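Data block below; observations after.
Whatever order the structure lists ligands and atoms in, that order sets their numbers, starting from 1. Counting from 1, the numbers follow the sequence of the chain as shown. Since the structure is predicted, the reported quantities are computational estimates derived from the model, not experimental observations.
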Amino acid sequence: MSSALHYTLLILLLAVALSSAAAQAKPKAFLYFIKKDPEALQYSTTLEFSTQVNFVDVVLDLGGEHTWFDCDSYDLPTYKPISCGTTKCNNVKSNGCIGCNLPPKPGCTNNTCGVSSYNPFTNDLYAQGLGEINLFSTETNGLAVGELHKLPKPFPFSCADSDLLRGLSNATKGMTGLANTVTSLHSQWSSKFKLPHKFALCLPSTSELNPGHMFIGGGPYYFPPYTKNIATQLLTTKLVINPVSTAPIYTEGDHSDEYFIDVTSISVDNRPVSVNASLLSIDMNGYGGTKFTTVTPYTKLETSIYKALVGDFKKAASLRKMKRVASVAPFSACFRASSVATSQTGPVVPYIDIGLAGNQHWRFYGANSMVSLKKDVLCLAFVDGGSKPRTSVVIGGHQMENYLIEFDLVSSKLVISTSLLFRNTTCQQFRVL
Ligand SMILES: *[C@@H]1O[C@H](CO)[C@@H](O)[C@H](O)[C@H]1NC(C)=O
Ligand SMILES: *[C@@H]1O[C@H](CO)[C@@H](O)[C@H](O)[C@H]1NC(C)=O
Ligand SMILES: *[C@@H]1O[C@H](CO)[C@@H](O)[C@H](O)[C@H]1NC(C)=O
Ligand SMILES: *[C@@H]1O[C@H](CO)[C@@H](O)[C@H](O)[C@H]1NC(C)=O
């Protein structure tokens, strides 16, 4: 019996030694695959909460504050509720203490730290108890996929009611938040592995073949057939703070945790579109400005900006002999596809430039500015965001696709790599060895 005990101890010691050896090779970055739902026009990823087959598909919400999903379909042996009044609870934006009168299960516990779970598609907001589970992800060196790692401390999220799933892509069971909060997916991996707080999105444009990618922890980023870091041909601009929160629920004085940039101009085929400049900056009430979102498929522009852009685009298109056809809602500039040539950067149409500080231009070619609808119909893929929207320019998924966009929260800047477009490669070509 005593030798059996020794034997067990020895194995335990070996296991400890092995795991501390493994811990020395600190991962450089983590990788999440991104799928596109071509019907819902949403992007999703998979969260793994055990090394076995236990995972949930969740919609990516760049402006979302934390992660929530419907726990009922999952076995969550490592689930623990976070109690009210604890340090963990005080570190998140808790909105009170939650109880539950049903038999206890994940998502139904008493004295639990309350957070809000928000569905931006239906605008539904629920107060839910914050819990935590073990979470796993694969490391990457930018070139290939490496080992699976466990997040050193459990991952905070909330179990949501299945009602909250309305409007989400069919295969998904919740949403994961990527805003600049302590509970967001990238904050958790970066802080718990002491990696630089950076994450990069490379959204896929189709649902076919390979997925797109999200990197957490920084570059390099390699996309075959190129053997170099594709983070070249970079546009760099400051992330700006909107002084007034854009979250569905917030405390007065909170600033927004979404990602805003300063756009200085918009132009079509090098001619400036006439835009009321005050709409491009953020006023003291938090109105105006430009932000990024993954939950709006097409960029939304304040009405006067939208009308000016569409008008200028139609003029430039007619100079290029593009044939107009009846518009298809919600778009208002549609063309006969057969009157438009195609190239490596998509349909050859007037290009749209978004001006950034330092005389930089983020240029949208046909692949990002046009959407192919019915047979032979190609429409300008921007929509009217209304006349007094909270944010004047909301850059949506279609315009972000196949750019590698890094959100660098260490130096508070946004870095856009435009090189994929010109290299006959896409966000879906990352090498998985
Ligand atoms: C989801 O599935 C339902 C029922 O099968 C179907 O009616 C709906 O169109 C699907 N929605 C999407 C976005 O794929
Ligand atoms: C929460 O507390 C109430 C009142 O004490 C009790 O009836 C209920 O069963 C508890 N719920 C859970 C999930 O423990
Ligand atoms: C420009 O936009 C601001 C903010 O919405 C508004 O107050 C102002 O009247 C607009 N100016 C013009 C010339 O339309
Ligand atoms: C991309 O493909 C096009 C057409 O196949 C070709 O003309 C072009 O040279 C290629 N570009 C690069 C950078 O390989």
Side-chain angles (χ1 to χ4, degrees), residues 68-86 88-89 92 94-117 126-133 154 156-164 240-246 255-256 258 260-268 271-291 293 296 299-313 332 354-357 382-395:
W68 57 264
F69 60 87
D70 176 11
C71 295
D72 286 352
S73 337
Y74 305 96
D75 179 25
L76 302 171
T78 64
Y79 179 90
K80 284 199 187 68
I82 293 175
S83 302
C84 297
T86 56
K88 278 178 185 167
C89 184
V92 303
S94 174
N95 54 15
C97 217
I98 305 257
C100 181
N101 280 325
L102 300 169
K105 61 170 186 176
C108 179
T109 50
N110 276 328
N111 190 36
T112 308
C113 182
V115 289
S116 43
S117 306
Y126 284 49
Q128 312 272 1
L130 192 67
E132 51 185 16
I133 38 165
F157 79 106
S158 63
C159 289
D161 204 279
S162 59
D163 284 355
L164 200 55
V240 297
I241 305 263
N242 184 328
V244 183
S245 176
T246 45
H255 60 71
S256 174
E258 292 195 76
F260 285 80
I261 58 169
D262 267 335
V263 164
T264 53
S265 65
I266 299 176
S267 62
V268 174
R271 305 174 90 114
V273 174
S274 159
V275 173
N276 176 347
S278 68
L279 292 170
L280 294 181
S281 54
I282 301 171
D283 72 14
M284 56 187 284
N285 299 315
Y287 276 72
T290 300
K291 73 170 181 183
T293 178
T296 297
T299 296
K300 286 201 286 196
L301 302 170
E302 181 276 337
T303 301
S304 70
I305 305 178
Y306 177 72
K307 286 191 171 149
L309 175 73
V310 169
D312 289 2
F313 191 88
S332 45
I354 290 200
L356 304 171
F382 288 77
V383 298
D384 186 345
S387 65
K388 286 250 181 283
R390 177 67 198 272
T391 302
S392 306
V393 178
V394 178
I395 299 177

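- The contact set between ligand 2 and Pro104, taken as ligand atoms under 4.0 Å from a residue heavy atom, comprises 13 (C).
- Those atoms of ligand 2 with a heavy atom of Leu102 less than 4.0 angstrom away are 13 (C).
- The distance from ligand 2 to the heavy atoms of Cys108 drops below 4.0 Å at these ligand atoms: 13 (C).
- Under the 4.0 angstrom criterion, atom 12 (C) of ligand 2 counts as having a protein heavy-atom contact.
- A donor-acceptor distance shorter than 3.5 angstrom exists from the side chain of Ser94 to the backbone of Gly114, with no hydrogens or angles considered.
- Cys108 has its SG atom within less than 2.5 Å of the SG atom of Cys100.
- Protein heavy atom nearest atom 14 (O) of ligand 3, with residue, atom name and distance: Asn276 ND2, 3.5 Å.
- Scanning the protein heavy atoms around atom 4 (C) of ligand 3, the nearest turns out to be Ser278 OG, 3.6 Å.
- Residues Phe382 and Tyr306 place their aromatic rings such that the two centres sit no closer than 6.0 Å.
- For Glu302 and Lys388, the salt-bridge test fails: no basic side-chain N is under 4.0 Å from an acidic carboxylate O.
- At a distance under 4.0 Å, no protein heavy atom can be found next to atom 9 (O) of ligand 2.
- Under the 3.5 Å distance criterion, with hydrogens and angles disregarded, a donor-acceptor pair is assigned to the side chains of Ser117 and Ser158.
- Electrostatic pairing of Glu258 and Lys291 counts as a salt bridge here, judged by a charged N lying under 4.0 Å from a carboxylate O.
- Interface atoms of ligand 2 facing Asn110, defined by a heavy-atom separation under 4.0 Å, are 1 (C), 2 (O), 3 (C), 8 (C), 10 (C), 11 (N), 12 (C), 14 (O).
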Working note: Cys113 + Cys84, criterion disulfide bond (SG atoms under 2.5 Å apart); need CA distance, chi angles, decisive distance, verdict. CA-CA 4 Å; Cys113 182; Cys84 297; over 6 Å; no
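- Proximity of atom 2 (O) of ligand 3 to the protein is indicated by at least one non-hydrogen atom lying closer than 4.0 angstrom.
- Counting only heavy atoms of the protein, atom 7 (O) of ligand 2 lies nearest to Asn101 OD1, 4.1 Å.
- With a heavy-atom cut-off of 4.0 Å, Leu279 touches ligand 3 through its side chain alone.
- With respect to Lys307 and Asp384, no salt bridge is recorded, no charged nitrogen being found less than 4.0 Å from a carboxylate O.
- Put simply, no part of Gly99 is less than 4.0 Å from ligand 2, judged by heavy atoms.
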